[in-house]
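Here's the structure we're looking at; comments come further down.
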Amino acid sequence: MSAPTLLIRDLKLGFRSYAGMLEVLHGISLHIAKGERVALVGESGSGKSVTARIVLGLIQSLRSARVSGLVEFEGRDLAKLSERERHALRGTRMSMIFQDPTSSLNPVYTIATQFHEVLLRGSPGISQAEARRRAVAALDDVAISEPERVLDSYPFQLSGGMNQRVMIAMALANEPSLLIADEPGTALDVTVQAQTLTLMRDLTERHHTAVLFISHNLGVVREFADRLYVIYKGRIVEQGPTAALFDDPRHPYTRALLQAVPRITGGGIPEIEDASEAYFAPLVVREGFGEPGRAG
Amino acid sequence: VVAVTPAAAETVLRLDEVAVGELDPGKATDYADSILMFNIYDTLVLAAQGGPGVVPHLAESWETDGKTYTFKLRSDVKFQSGNPLTAEDVVFSLDRMKALGQGLSYLFANVEKAEAVDPATVRFTLTSPYSPFLSALLRLPIVDKKLVSENLGAGDGDMKDWGQGYLSTHAAGSGAYKVVSHNPQEETVMARNADYFLGVPAKAPDTVRLRYGLEAATVRTLIAQGEHDITSQWLPPEVLKALAAGGAQLLVETGGSGFYIKMNTTRKPLDDLNCRLALTYAFDYAAGVKMVAITDEVSQGSPASGPLPAGMLGALPASEAYARDLDKAKEYLAQCKYKPEDFTLELSWVGEVPLEERYALLMQANFTELGIKSEVRKIPWALFSEQVTKPENTPNISQVFVNAVTGDPDTLIYGMYHSSAAGTWQSPEYLKDAKVDELLDRGRTETSDEQRAATYTEAGKRLKELAPTIFAYDQNAVFAASKRVSVPALTDRSKAFGLTGMAFTFRLMEMNE
Amino acid sequence: MLPVVRLLAKRLGTSLIVLIGVSMLIFAIARVIPGDPARIALGPNASAEQIAALRERLHLDQPIVVQYGHFLSDLARGDLGVSLYTNRPVMTDIAQFLPATLELVLVSGLMMVLIGLPLGILSARYRDSWIDNLIRLVTLLGVSAPAFVWAVILMLLFAYFLPLFPIAGRISDSFTIPPATGFLLVDTLIAGNVRAFGNAAWHIVLPAFALALSGIGQAARLVRSNMVETYEKPYIEMAQSYGFPGRRIARKYAFRPSMIPSLTIIGLDFAAMLGNAFLVEAVFAWPGLSRYGVAVILRKDLNAIIGTVLIISAMFLIVNVIVDLLIAFINPRIRYSQRAG
Amino acid sequence: MREPSRVTRPLLSLRSVSKTFTTAGRMVRAVDDVSFDVAKGECLAIVGESGSGKSTVAHMILGIYPQSAGEILLDGSLLPARRALIHRRAIQLVQQNPLSSLNPKRSIGASLRLALDVHGIGERSARWDRVGQLLEEVGLPADFRSRAPSTLSGGQRQRVAIARALACQSELVVLDEPTSALDVLVQARVLKLLNELRAQRGLTYVFITHDLSVVRNVATRVAVFEKGRLVELSPTETVFTNPKHPYTRRLIGAVPVVTAQEAELRGRLMEKSNASA
Amino acid sequence: MNRTLAILLRNPLSLLGLALVALVVLSAISADFITPFPEHAGAVVDFANFNKAPEWPYIMGTDLVGRDLFTRIVYAYRISLILGVVVLAIAVPIGVTIGLVAGYFGGWVEYVLMRVTDVFLSIPPLVLAMSMMGVLEPTLTNGMIAVTAMWWPWYTRLVYNLARSEKEEGYVLAAEVIGASKAHVMFREILPNCVPSILTKMTLDLGFVILIASSLSFLGLGVQPPTPDLGSMVADGAKYLPDSWWLTVFPGLAILVAVFGFNLVGDALREILGAEQ
Ligand SMILES: Nc1ncnc2c1ncn2[C@@H]1O[C@H](COP(=O)(O)OP(=O)(O)OP(=O)(O)O)[C@@H](O)[C@H]1O
Ligand SMILES: Nc1ncnc2c1ncn2[C@@H]1O[C@H](COP(=O)(O)OP(=O)(O)OP(=O)(O)O)[C@@H](O)[C@H]1O
Ligand SMILES: [Mg+2]
Ligand SMILES: [Mg+2]
């Protein structure tokens, strides 16, 4: 079996600050196989976004950050790659979708300009006309009905849902093998968010893209991911296939999390602790779903 | 081998003045204006060189009975426009001066009328005998009537604006230099008038650039770099010193003006004669003169003997100059009806003349030794000339430089001390003294120079008794100049004019290149 | 582009209102405070009748509101009265002196943009590095002394001790350039005299740099801080996640949006040069409007004061309108917005 | 679920209320001819997608800006456009964003005390103690009084905001998305607290949210807004068993769910909607 | 406090700024003790020692009437600081109040106030102060009035912008809903949130007021002799360049040092208080 698209082992992250070292990640491990959709769930501030940014190599360049542990992309240790090689992966082999589509697109350039820029990453020297042609096709893919008009628009002239689709189209334009989605669409309407998820699901399935899907919304995760990791204050507390984990949460934190979600079937609001010692209980590993390279 | 004559190399004289030169001759008052006027326009008479008095110029000769003056004009004079200069133009020039009522027009207040007897004869009729009239004519530049009439701007009456708009930027004279360009903030460029009726000597500069408003430091450097020729007289002594040390020549003009420290005689405490005398003796004259000394020989000031600078008609002998005498000062102060602890003197100085600040500080220090408190106030000129119009607003002590605009003592001290002239920048003393008035009036009507000299000497003595003014020093205008230029009128006593500014007659200067 | 036209119209309208306000303010300042312009105009030796006559001619004997009315009607005819300083119509003076000031200010503005902005970008891109610290130190020094101190220091260093640059004026005497636009840098080119152009350029370097120094500092500091802020924006992270090169991100992705908040203030700084030019022109004997302004203020030359201040604030307002348009050009949100402003 | 008693007079009534905003010549009809009653003691949920006019209704109820048309009655009497102090006291608000709803530069206590001071509630000297009590009522220690908002977590801040709404002792509280900025665990705690307070004090809520699963668990009735119009107003049970309006069904269909039963319920409703379409 | 210190220590520039400001302020305060010739701050002439290049005991040389330049510079700091403090003490409250009112009230109040502010802003500061000083008598008091007249609008503008954005914050809405008075909302709720920005601007401005005041005196419109003033020293000294360079260079550097110090501190403050421009 080939190497997983993404492999993270014992990743630690700390930020230096005037108050001393602030440990954010306490050694997390996860992996994503080719074409797999994996979710990372946890409360706000638990370290989801920083994990994603480490994968992209954005944190490493911060002077205040201290990163240790292994991050392998398609079998290559990112730490061993030169800055140049790491750079070359971004936007080509891996790309990212952000939470708020409208503020993630540059406000002063048209979609066409930005799309061109993105395509240049995958196909250096691509002409404007060719880029436009490909952009139109990509926008068609994400079910945008008037791609030409959208291309000539500025982000603020489009609805959040449209921008979201543009972002997805851009992220997939260079056919990356890893797509990171950091809470995509939580800034949008419920209905738009639902459409976005369906769309992303279809597209990644079609392109066999591996996805790291970050969210704090368990409902969304359940609809999207094959497998999920639950993270609590910088530690992975439980992982496993989506259905299994939702049916049979084993870690106290996962259980609390699931319980706390109000049900549309009713049943009132349960009494749950929002913080508890029990949540620091050790990682729950399911049989057959251990991290590669580790016993299990 | 024929020596290569610099036919192509035209000579340029560059000089500067602090104030902007006023081109309109009817409005000319200050030094810069005078320089322009004396070169662009001609007058009926010229100041004599090497002594007081006037000599013929446009006028070949004249006759007078004290009240009427009849002048015979030269017939070979043409304006720069090509129009001939006639008696009509003289009449026009006087009328214009009086109609504008600006500048030095007050000099002609008692001229009843001027008439052209024939094209070459002009007659002035005065309301009363006025002996300084001839020297006043030094301030009546003759304007090209025809040219001005062709260029009248909007205005009421026959003569509309009397050509004010035109003459503020154009010349209409007969002088040895023509105006090439005039930018009030930069310079006036003049070029020699080849058709000048007296001819312009070859050594005189071809082009003259009169620059305005240069900073002292700038002038200093330009001279040092050989890019400037004559400085203004307003440079601080230190700068002149530096220039002289750097090899510049020093040009000196004496006898026309003085530096006066004026006391407001209407307000406490200087309405008391003893108090004024106390200050007169407390002032450190020697330090004052030393402050403006430039070299051992040359100074911007020399000890004053009284109101009239040495060399002027009726000036007191140098032996009568004041010196500091603290004991005397204390004596007078003791007799003063005010006690030093009861008042604070305002020592004003005009913001445009930084040198005055030092004198204010000197006085402050001097007076402190008598136990007199004082505060120094800097006043911009505009505000100063406004304040002095009311005795109650006039500072206790003001400092002014005054010059005799025609070279005649009358034009220096009448305006300062005659009671009818009180309340101008020249007369912030508000002196009211019958005897002084009488003497000054007499000086105007007497015709013989001896009589007049005696009268003015007496006036000087009386003024020293009354002590309205601390006669700080006789002012010498000192100019630093490059070696490229010779100005005989400023270096050779026998060629010096009895009128300040006339030394800057460019045609009499020589370029040494 | 209709919204831009509407924006322009609206801005010009507001500017006009402000300009009228300025005229009232400056008129009031000039007239209400004691001091008799007629006396100053006529000089120290004028008689009381002459003064009274002039007062009447200048409407000074009438209530201030009436005077203001006269002023406005004269202004409408392009008549700002006669300067007591130069004895010429104030309009003539302004027409003659404004180009020199504008030339100086424009060259300074150019320096501010060409030096200040790159410094700011560099500083933001390498923030907290030694480059950043050095640039911050230097730019802060730049804003820490008034233009006249810089003028004096530069003159001392580069004109006196090291005579590399001329110390006064706009061009050497030896050149006679027929006036066309009043901008010597332009007129010399029109005249086809390259040496004269070089000479004029050589004259403008020091004064323009002295004037520009604080603007350069301000611009760099402003661009830096706004860019640092922009660097926190999600779209920068997005650009980074696509692996665009750092230089490109700085120049294209971070700089341009960060100019939107910066421009207003840079515009103000640029316009402030009109005011600061007063000091520099005085030091370098630059025959501009600002130097004229100082001269007329010291002489209480009311017409000229009012005229100069009005022109300067009109320039100021024009600069701001231009800045607004520039912002609209950079910021599509304004360009396409239904609600202008 | 208590049925609202129809015999008593409604606490709050909106009669044909509309709101039109005009921005630079463009008219936005944010709320269009909306009428509903809120009975004493009930929790009326207002749901709808973004921009459907939910907040605008809340703001009009609170008198932050006046309605363009229609009238609002509190306890049977007309509420004027310019609210007097008593009106202000009668209706309180809990906002969505707990971060911005507390002044970062004032202590928790000062923010709470403002309500007491403005309405002259209690003795001046006793107010500080009252602030402590209020905090305790929402499950926070009294000594949080002197803390700055930035030292509190989101959930704690939202409790403070609730305490502030309680301080005026008003009967009607408008909650504009009070939990949407919170984590699920914290959200559960806050919702629990709100439920308890309503029961204990007989409060009446107008509860604005876009989260239908929350609605299901707290509301007695649901008002569904679409583009400024009230498209459905039914008891909560009815909405989730038999939604009438297709838009309501669409909303329910978009809810992400975590359990199989939920998925089943959602599927059922979606089928209906497809069938009716 | 910890954080403040950490930021200060982390950045050597801030430390330098603090040191410079402390140096300037302390020397101004203790001028009587640290200067060799305290009497030279007043009307003293010593023609025996005039125009001397720097040499002991005149470490910065003497001026044209023989006064010690170092002494005069230290005393000039005193005047500059007093001037700066007085101007800001008057201008800031005026500007802030107008800005708050305009920003918070909006509507025609905003329009009128901001147009008036624009009028003052559109005349470059120096021009405005100069034209006022041109017609007023040049005294320290009038200088302060003129500088104050041109200074308040900048605070109006700053606070106006801040107030307009703070007005949208939830805590303002919360206070309004409770029924707090407009004055309370402006001065107790909004103002504290503007304070960091105002404070930062004030430190920066202290430097700029010194600059403007010295620019005015450079033009001969300011403090009266013999009171020492940095701007006039530079201006007067400039006439004697390059020979008596110390007359301009030292006062010029003195301005630079003081303003630089204040600007560094302002920068540090901006970082500490997290205030944006
Ligand atoms: N550049 C940084 N410097 C210092 N601390 C940081 C930095 N970036 C993130 N952190 C801290 O790391 C922790 C994890 O942040 P992260 O953004 O990964 O959280 P998250 O799980 O994505 O939360 P959310 O759901 O709110 O997005 C937080 O406590 C955050 O404050
Ligand atoms: N002050 C205002 N000026 C102009 N338009 C406004 C204003 N407030 C709201 N609107 C408009 O009114 C409509 C309804 O807005 P409202 O805030 O009530 O929606 P909402 O249902 O609360 O949405 P969300 O879920 O995003 O909070 C929107 O189109 C909005 O743009
Ligand atoms: Mg995150
Ligand atoms: Mg809302």
Side-chain angles (χ1 to χ4, degrees), chain D residues 55 58-59 61-65 82-108 110-121 148-150 157-158 160-170 172-174 176-178 181, chain E residues 1-4 6-7 96 99-100 103-111 158-159 161-202 269-276:
Chain D
S55 298
H59 289 173
I61 294 173
L62 284 153
I64 292 164
Y65 34 68
R82 235 193 140 74
R83 303 288 164 90
L85 267 189
I86 45 161
H87 302 125
R88 294 254 178 242
R89 184 172 169 180
I91 312 174
Q92 278 308 311
L93 170 73
V94 176
Q95 302 173 53
Q96 168 178 17
N97 190 345
L99 192 75
S100 86
S101 69
L102 292 170
N103 191 332
K105 295 288 170 197
R106 310 190 84 207
S107 70
I108 299 298
S111 287
L112 281 178
R113 198 188 151 128
L114 176 65
L116 304 178
D117 287 342
V118 165
H119 298 288
I121 299 169
S150 58
R157 285 184 207 151
Q158 202 58 306
V160 174
I162 294 167
R164 179 166 56 188
L166 298 179
C168 291
Q169 298 162 345
S170 45
L172 179 64
V173 180
V174 178
D176 193 354
E177 317 216 13
Chain E
M1 211 53 237
N2 227 342
R3 202 175 90 90
T4 311
I7 289 180
V96 165
L100 276 177
Y104 181 62
F105 279 72
W108 65 267
V109 175
E110 169 190 334
Y111 191 83
L158 172 76
V159 173
N161 284 332
L162 290 171
R164 269 210 318 185
S165 69
E166 290 295 323
K167 189 169 87 165
E168 305 299 324
E169 289 289 321
Y171 68 82
V172 172
L173 185 64
E176 285 172 343
V177 164
I178 283 174
S181 67
K182 289 195 152 58
H184 174 94
V185 174
M186 282 190 296
F187 291 103
R188 306 293 299 279
E189 304 281 346
I190 296 181
L191 181 57
N193 287 284
C194 304
V195 164
S197 301
I198 296 175
L199 213 63
T200 310
K201 183 163 171 53
M202 279 173 70
L269 212 60
R270 189 191 315 236
E271 200 165 325
I272 292 165
L273 299 173
E276 60 282 7

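We name chains A, B, ... by the order of the sequence lines, and we start the count at 1 in each one.
A distance of 11.0 Å separates OG in E/S181 from CG in D/D117, rounded to the nearest 0.5 Å. Here D/L99 contributes atom CG and E/E169 contributes atom CD; the two are 8.0 Å apart, rounded to the nearest 0.5 Å.
The residue among D/I91, D/L93, D/L114, D/L102 with the most heavy atom pairs within less than 4.5 Å of chain E is D/L114. Highest contact tally toward chain E, considering only D/R89, D/Q92, D/Q96, D/R83, is held by D/Q92 [criterion: heavy-atom pairs under 4.5 Å]. Between chain D and the residues E/I190, E/V172, E/N193, the largest count of heavy-atom pairs under 4.5 Å involves E/N193.
In terms of heavy-atom proximity, D/S101 sits nearest to E/A174 at O-CB, 3.9 Å. Residues D/K105 and E/P196 come closest through the heavy atom pair NZ-CG, 3.9 Å. Heavy atoms only, all atoms of each residue included: E/I178 and D/V118 are closest at O-CG1, 3.9 Å. Nearest approach of D/S100 to E/G170, heavy atoms of both residues: OG-N, 3.2 Å.
With sequence neighbours excluded, no residue satisfies salt bridge (Lys or Arg N to Asp or Glu O under 4.0 Å) with E/R188. Every residue was checked against the salt bridge (Lys or Arg N to Asp or Glu O under 4.0 Å) condition with D/R88, not counting sequence neighbours, and none meets it.
With a threshold of 4.5 angstrom between heavy atoms, D/L85 approaches chain E through side-chain atoms but not through N, CA, C or O. Using a 4.5 Å cut-off between heavy atoms, D/N97 does not touch chain E at all. With a threshold of 4.5 angstrom between heavy atoms, D/H87 does not approach chain E through any atom at all. The part of D/R164 that comes within reach of chain E is its side chain, from C-beta onward, which places non-hydrogen atoms under 4.5 angstrom from that chain.
The shortest side-chain heavy-atom distance between D/H59 and E/L173 falls under the 4.5 Å cut-off.
Shown are D/S111, D/P104, D/P149; of these, the side-chain contact (heavy atoms from CB on, under 4.5 Å) with E/Y171 is made only by D/P104.
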